[in-house]
Amino acid sequence: AQTVTQSQPEMSVQEAETVTLSCTYDTSESDYYLFWYKQPPSRQMILVIRQEAYKQQNATENRFSVNFQKAAKSFSLKISDSQLGDAAMYFCAYRSALRGSQGNLIFGKGTKLSVKP
Amino acid sequence: DGGITQSPKYLFRKEGQNVTLSCEQNLNHDAMYWYRQDPGQGLRLIYYSQIVNDFQKGDIAEGYSVSREKKESFPLTVTSAQKNPTAFYLCASTRGSGNSYEQYFGPGTRLTVT
């Protein structure tokens, strides 16, 4: 079974600075997808960024980028120029690429990010 | 606008009563999911359905039941057999499995059982 681990329950960053959230996962599959979701105080889950395991290039979305290390099974999220609106819970998630798989996301326990003005 | 609706946002029930949480989507997605979120636990899969009239148990299905009579709807019933039902419940949908398509989430229902 696949597992996702986020080792940092809480993180803090100064506004305008950069922060990196860690995520490791365990799987025996060679093809899969990885996601970072943001959950602000409203509790609405919002997709931040996704990465296909077969792609070597790290995904980027504006101020958000990932460092995907497939051999190490590591998938960290870097937030640049942090803004007050980035304050939220961040969840790392895994999804199998196998046809016929359940299709559900397997989540880590989350990292609560605080942004200091 | 396309999306997922869950109602109500807050739900209160007495212990021993069954309660049904609503989930509706107009995204024309085949697959729908129910997750439970507890503090410090992340999200855990309760049930999922990849097609109408078919659904499968997830990791924590005991004490829950679902139906999928229409593509748009995937209600979750929390039965009196669920030992610790107080939690935040999230419904999600996506186009299918084995792909990188985004999984869309509803706004959630906070259930409190006393």
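Because the structure is predicted, anything quoted here is derived from the model rather than measured. Quick note on labels: first sequence line is chain A, next is B, and so on, each numbered from 1.
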Inspect the surroundings of CD in B:Glu62 and state if more than 12 heavy atoms from other residues, nucleotides or ligands are less than 6.0 Å away. no

Under 4.0 Å between a Lys/Arg side-chain N and an Asp/Glu carboxylate O for B:Asp54 and B:Arg68? no

Based on non-hydrogen pairs under 4.5 Å, which of A:Gln44, A:Lys109, A:Arg43, A:Lys112 is most in contact with chain B? A:Arg43

Under 4.5 Å from any heavy atom of chain B - which part of A:Gln51: neither

Any non-hydrogen side-chain atom of A:Phe107 less than 4.5 Å from a side-chain atom of A:Met45? yes

Exactly one of A:Tyr54, A:Tyr25, A:Phe75 clears ring pair (Phe, Tyr, Trp, His ring centres under 6.0 Å) with A:Tyr32, and that residue is A:Tyr25

For B:Leu45, is it the side chain, the backbone, both, or neither that has a heavy atom closer than 4.5 Å to a heavy atom of chain A? side chain

